[in-house]
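These notes are about the structure you will find just below.
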Amino acid sequence: PANVQGTPPFDHPGVHQTGPGQYEVDVIGFTWGFIPAEIDVPADADITFVATSMDVIHGFEIAGTRVNMMLIPGQVSRLTYRFTGPGEHLLLCHEYCGLGHQTMHAKVVVQ
C-alpha cells in the first residue's frame, strides 16, 4: 500500500482505452477521496474499474448501478460494467473510513 502510486497501473490513474469499445479505469482510494476525482467514460462501452486503497479499507460504489466493491490496502479489485446511456453518477465510499468519511466521493460522467 505504501507504494501504490508508484506501481502500475496506479502510477497513471485514470481512463485508458484497451481496445475497441473497451476501457480500463484505474482508481486509487485514500482518506478521504478518490484519484481521479472525476472519471469520464463513454456510454455503451465495457468499462473495467481497477481499484485499490493506499491506506485503510474503503468502499467503491457508483450510485444507481451494480458497481460495488471493497478497496482493501494491498489488494486490487476489478469489476466490469456497461453504462447504457449518458449521465452523471456519484462514486462514493460505502465503508466507514474515519471522521471525513462523509466527504469521500467522486463523479463518473458518462458521455
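Because the structure is predicted, anything quoted here is derived from the model rather than measured.
Shown here for Phe34 and Gly59, the closest heavy-atom pair between the two residues is CZ-O, 3.6 Å. In this structure, Ala37 and Ala106 approach most closely via the heavy-atom pair O-CB, 3.2 Å. Heavy atoms only, all atoms of each residue included: Pro1 and Gly74 are closest at CG-N, 3.5 Å. Pairing each heavy atom of Phe30 with each of Met54, the nearest pair is CB-CG, 3.7 Å.
By the criterion of side-chain heavy atoms lying less than 4.5 angstrom apart, applied directly or through intervening Ile, Leu, Val, Met, Phe, Trp or Tyr residues, Met69 is grouped together with Val108 in one hydrophobic cluster. Leu79 and Leu90 sit in two unconnected hydrophobic clusters of ILVMFWY residues. Membership requires side-chain heavy atoms under 4.5 Å apart, directly or through other members. With hydrophobic clusters built from ILVMFWY side chains whose heavy atoms lie under 4.5 angstrom apart, Ile35 shares a cluster with Phe10. A continuous path of hydrophobic side-chain contacts links Val27 to Val15 [ILVMFWY only; heavy atoms under 4.5 Å]. Residues Ile39 and Leu92 fall into different hydrophobic clusters, defined by Ile, Leu, Val, Met, Phe, Trp and Tyr side chains chained together at heavy-atom separations under 4.5 Å.
Between Tyr81 and Asp46, every side-chain heavy-atom pair lies at or beyond the 4.5 Å cut-off. No side-chain heavy atom of Phe83 sits less than 4.5 Å from a side-chain heavy atom of Asp44. Contact annotation: the side chain of Val41 approaches that of Val25 to within less than 4.5 Å [non-hydrogen atoms, C-beta and beyond]. Using a 4.5 Å heavy-atom threshold, the side chains of Val4 and Ser53 count as separate.
With sequence neighbours left out, Asp11 forms a salt bridge (charged side-chain N to carboxylate O under 4.0 Å, His left out) with no residue at all.
Once rounded to the nearest 0.5 Å, the distance linking CG of Leu91 with CE of Met104 reads 8.0 Å. Rounding to the nearest 0.5 angstrom, the gap separating the CH2 atom in Trp32 from the SG atom in Cys93 is 11.0 Å. Between the CD1 atom in Ile57 and the SG atom in Cys97 there is a gap of 10.5 Å [rounded to 0.5 Å]. The NZ atom of Lys107 sits 8.0 Å away from atom CG of Asp40, with the distance rounded to the nearest 0.5 Å. Rounding to the nearest 0.5 Å places CD of Gln5 at 4.5 Å from CD1 of Ile28. Here the OG1 atom belonging to Thr52 is positioned 8.5 Å from the CD1 atom belonging to Ile72, to the nearest 0.5 angstrom.
Other residues, nucleotides and ligands contribute more than 12 heavy atoms inside 6.0 Å of the NE2 atom of His16.
Pairs of residues two or more places apart, or lying in two chains, that qualify as side chain to side chain donor-acceptor pair (under 3.5 Å) and include a residue from residues 83-95 are Asn68-His94.
A donor-acceptor contact closer than 3.5 angstrom links the side chains of Thr31 and Asp55.
At distances below 3.5 Å, not a single donor-acceptor pair connects side-chain atoms of Arg78 with backbone N or O atoms of Val50. In this structure, Tyr96 contributes its side chain and Gly98 its backbone to a donor-acceptor pair below 3.5 Å. Distance alone, capped at 3.5 Å, places no donor-acceptor pair between the Glu61 side chain and the Ala63 backbone. Distance alone, capped at 3.5 Å, places no donor-acceptor pair between the His101 side chain and the Leu99 backbone.
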*asked:* I'd like to know whether Phe49 forms a ring-ring contact (aromatic ring centres under 6.0 Å, His included) with Phe60, so could you lay out the CA-CA distance, the side-chain angles of the two residues, the decisive distance to 0.1 Å, and finally the verdict.
replied: CA-CA 10 Å; Phe49 293 95; Phe60 184 98; 5.7 Å; yes

